[in-house]
2 protein chains.
Amino acid sequence: MAAQSGTVERILDTAEVLFAEKGFAETSLRAITSKAGVNLAAVNYHFGSKEALIQAIFERFLAPFCAELGASMAQLAADGETVDLERLLRMMSRTALGAHGSSPERLALFFRLSGLAYTQAQGHLRRFIRERYGDVFNRFLMLLAKAVPDVPPLELFWRVHFGLGATVFAMSSMDSLRALCKSDFDTDLSAADVTQRLLPFIVGGIRA
Amino acid sequence: MAAQSGTVERILDTAEVLFAEKGFAETSLRAITSKAGVNLAAVNYHFGSKEALIQAIFERFLAPFCAELGASMAQLAADGETVDLERLLRMMSRTALGAHGSSPERLALFFRLSGLAYTQAQGHLRRFIRERYGDVFNRFLMLLAKAVPDVPPLELFWRVHFGLGATVFAMSSMDSLRALCKSDFDTDLSAADVTQRLLPFIVGGIRA
DNA sequence: ATATGTTTGAAACGTTTGTTTGTATGCGCC
DNA sequence: GGCGCATACAAACAAACGTTTCAAACATAT
């Protein structure tokens, strides 16, 4: 098995960028393999199908992230601290960022893929993610409910998803928004800057 | 011209539903035309191409909406009232809803299409919308800036887009979220209910 | 060195895609 | 009636798609 010159990783690296740029259906296996410098058949050989390749990309993102998130939450529970909303969201943000080399660009790429997965059909992906990582997210939601006891659970449910939407959307169209921001305000914001501005918005929205 | 039994409208009606359900690339012209009960060639005959069909769908949504929004803003300017943030957003919401038979479901469908247009490639669509309706939206943004003078313009820019993201996302995945809400809380919310909950979130987020 | 199992390579598979073509049909007008 | 025009239709088009095939190349272990 050892011999492989990184074909699998090259496919994953290339595919996640192309998918994020053009969408899943719009990106052909031929575009991926030719840019990655591997044979066309390699995708079906190593992953089985295009669908499975997409799932593999999400798994590579989610596995380390959920592991770290679970650890962070366990530590938080052990400390027995009072859970503050802002601190909780900041922990989530830090964990998400830290799970992949602290690159805001890569985090934005992942959110863009998530946005694609949600808006595009990709029913298989939603099922895949829910089955695989639903528990960790539910645990985080419970922690969140404790942080804002004055917001009724039903209301919180929707506000969390509103906040998630704001995040996904902002990250998805990060590049065009930053370009727009530069042309309208002559201000060049980094991806990290945007993330920092996003947090107060969500906190304000959830607290209402 | 009279003879036509609504071929163009039947194509538009069918296409917007199918596109919203499965995405643009995932929906074939054959699926559209066969479900609409028209000939395959009718799309290329009446619209010129699949791309042009997509643009026509957005135009049918945006044209009456922007017209009404422009009128509402003109009236607001004529009244010379103090512009309140919540009232401004409510006006936008009411206008959007009223522009198409007051059907929250149809509004949700439009937002879902918008979400697709943003996340999916569809660069041509973004350019098309901006060129055609950019002015109206910019005027609305200026009104918004007057409503929250204590939020600096740059900050407002981002918060507006965060709010837009929350809206697009919530509307896009309205159906799945409502199903989730029902299974988790035994509560059956209507699309109008969700919209009502969305507004305070955005107001809270923009005010921070 | 030979055998074994894994990975690559080029080519072809059968489908499906958007689009085009040529013809038929229905209508108003001279 | 006959002409002209807009629409509808079935059929075909070339291109692109995901996937499969099978032989060649490779590494490893005996």
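Separating the CG atom of A/Asn39 from the C1' atom of D/dA25 is a distance of 13 Å, rounded to the nearest angstrom. Rounded to a whole Å, the CG atom of A/Leu40 is 15 Å from the C1' atom of D/dC22. The interatomic distance linking A/Ile54 (CD1) with D/dT19 (C1') rounds to 15 Å, in whole Å. The distance from atom CD of A/Glu51 to atom P of D/dC17 is 18 Å, rounded to the nearest whole Å. Remark: P of D/dA8 and CZ of B/Phe47 are 11 Å apart, rounded to the nearest angstrom. The interatomic distance linking B/Lys50 (NZ) with C/dT17 (P) rounds to 8 Å, in whole Å.
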Checklist entry - What's the verdict on side chain to side chain contact (heavy atoms under 4.5 Å, CB included) for B/Met171 and B/Leu109, showing C-alpha distance, side-chain angles and the deciding distance? => result CA-CA 7 Å; B/Met171 297 295 195; B/Leu109 189 145; over 6 Å; no
Item to check | Test log, rule side chain to side chain contact (heavy atoms under 4.5 Å, CB included), inputs A/Phe162 and B/Thr167 | outcome: CA-CA 7 Å; A/Phe162 294 155; B/Thr167 307; over 6 Å; no
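Nucleic acid contact for B/Ala41: base, since at least one base atom lies under 4.0 Å from a heavy atom of the residue. Using a 4.0 Å heavy-atom criterion, one finds that B/Thr33 contacts no nucleic acid atom at all.
Of the candidates D/dA8, C/dT8, C/dT19, the closest approach to any side-chain atom of B/Asn44 belongs to C/dT19. Of the candidates C/dG9, D/dG18, D/dA10, D/dG18 carries the atom nearest the A/Arg30 side chain, counting heavy atoms from C-beta on. Of the candidates C/dT7, C/dT19, D/dC9, the closest approach to any side-chain atom of A/His46 belongs to C/dT7. Residue B/Ser49 has its side chain nearest to C/dT19 when only C/dT19, D/dA10, C/dA12 are considered.
The residues A/Arg60 and A/Glu16 are annotated as salt-bridged, a charged nitrogen and a carboxylate oxygen being separated by less than 4.0 angstrom.
Annotation: A/Asn138, atom CG; neighbour count of heavy atoms from other residues, nucleotides and ligands within 6.0 Å is above 12.
In this structure, A/Phe157 has its ring center under 6.0 Å from that of B/Phe185.
Between the side chain of B/Arg178 and the main chain of B/Leu189, a donor-acceptor pair closer than 3.5 Å is present.
Only at 4.0 angstrom or more do the heavy atoms of residues 12-19 of chain A sit from any atom of DNA chain D, so none qualifies.
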